[in-house]
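Start at 1 and go down the list; that is how both ligands and their atoms are numbered. Note that the coordinates shown come from a computational prediction; the quantities given were computed from them, not determined experimentally.
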Amino acid sequence: MERLVRVAREARVNAYAPYSGYLVGAALEDEEGRIFAGVNVENVSYGACICAERSAVTRMVTEGGRSARALALVTVDGGVPCGICLQVLTELCEDAASFRIIIADEEETIREHKLSELLPYAFESQKVQRT
Ligand code: THU
C-alpha cells in the first residue's frame, strides 16, 4: 500500500488545477495488481473539470482493466473522494466492501476506508441493465 500512495504523490505534481489551486493525485490498483495514476484536469468551463480518481479509472479501462481493488488519494488536506468518483469506482471495482481507499496529505497517510463505507447506497437499478 505504501507503493500506491507513493505513485499518487508523485503523479500529483502533474495535476492541472489553475482555477482551484487544489492539486489531487490518485493511484488505482486493478485486479492484476497493475497501478494507474491520475490527476485532476481543470478547465475554464468549470463543469468540464475531471477529478483525479476518474482520470485514473479511464487509464485503467483503456488498458483493459475492469475491476479495481484499491485507490490512494493525495491532497493538501487529506480530502475524501467526491460522490461522483465514488459512484464511478463502485461500477468498476471487484467488491465495494473490500475496496480500500487510502487517504493521505502532503506528509503522511491519514486514514483508510472501504468504498462501501463512503458510498453505502450507490445507485443501481433493475431497469438499467448491463448488456
Ligand atoms: N477533485 C478531485 O480531483 N477529486 C475529488 O474527489 C474531489 C475534487 C478536484 C476537482 C477540482 O479540480 C479540485 O479538486 C477542486 O474541487
Side-chain angles (χ1 to χ4, degrees):
M1 278 314 122
E2 278 297 306
R3 184 166 163 234
L4 211 54
V5 174
R6 196 175 65 241
V7 171
R9 205 181 284 294
E10 284 169 4
R12 181 170 173 258
V13 301
N14 293 323
Y16 179 71
Y19 303 101
S20 72
Y22 191 79
L23 308 180
V24 187
L28 186 67
E29 184 181 336
D30 76 359
E31 72 275 23
E32 293 173 15
R34 296 182 297 178
I35 293 179
F36 303 92
V39 297
N40 53 331
V41 182
E42 296 187 345
N43 191 274
V44 63
S45 174
Y46 295 172
C49 293
I50 303 167
C51 290
E53 299 91 315
R54 280 176 289 143
S55 296
V57 168
T58 59
R59 292 185 80 183
M60 179 188 81
V61 171
T62 301
E63 296 302 320
R66 290 290 183 274
S67 180
R69 60 185 183 204
L71 173 92
L73 194 67
V74 179
T75 59
V76 66
D77 56 357
V80 168
C82 81
I84 293 175
C85 289
L86 293 172
Q87 177 73 33
V88 169
L89 289 166
T90 301
E91 173 94 16
L92 289 157
C93 78
E94 214 166 58
D95 169 34
S98 58
F99 185 101
R100 303 173 70 187
I101 296 184
I102 304 148
I103 292 169
D105 66 13
E106 286 174 345
E107 268 85 53
E108 57 187 350
T109 297
I110 296 177
R111 59 182 182 273
E112 184 176 325
H113 294 282
K114 296 294 192 281
L115 177 53
S116 63
E117 270 180 73
L118 297 183
L119 190 66
Y121 296 101
F123 174 74
E124 55 183 332
S125 171
Q126 297 305 314
K127 305 257 183 222
V128 187
Q129 297 280 6
R130 291 174 199 236
T131 54

For the backbone of Ala37 and the side chain of Arg59, can you confirm whether one donor and one acceptor N or O come within less than 3.5 Å of each other? yes
When rounded to the nearest 0.5 Å, the distance separating CD of Glu29 from OG of Ser67 is 11.0 Å
Side chains of Tyr16 and Val39: closer than 4.5 Å at any heavy-atom pair? no
Please tabulate protein-ligand N/O pairs under 3.5 Å for ligand 1, atom names and distances to 0.1 Å.
{"residue": "ligand 1", "atom": "3 (O)", "partner": "Ala52", "partner atom": "N", "Å": "2.9"}
{"residue": "ligand 1", "atom": "4 (N)", "partner": "Glu53", "partner atom": "OE1", "Å": "2.8"}
{"residue": "ligand 1", "atom": "4 (N)", "partner": "Glu53", "partner atom": "OE2", "Å": "3.4"}
{"residue": "ligand 1", "atom": "6 (O)", "partner": "Glu53", "partner atom": "OE1", "Å": "3.4"}
{"residue": "ligand 1", "atom": "6 (O)", "partner": "Glu53", "partner atom": "OE2", "Å": "2.6"}
{"residue": "ligand 1", "atom": "6 (O)", "partner": "Cys82", "partner atom": "N", "Å": "2.9"}
{"residue": "ligand 1", "atom": "12 (O)", "partner": "Asn40", "partner atom": "ND2", "Å": "2.9"}
{"residue": "ligand 1", "atom": "12 (O)", "partner": "Glu42", "partner atom": "OE2", "Å": "2.5"}

For a 4.5 angstrom cut-off between non-hydrogen side-chain atoms, does Leu89 reach Val57? yes
May I ask you to test the Gln87-Leu119 pair for a side-chain heavy-atom distance under 4.5 Å? yes
Can we say Glu106 and Arg12 salt-bridge, meaning some charged N sits less than 4.0 Å from an Asp/Glu carboxylate O? yes
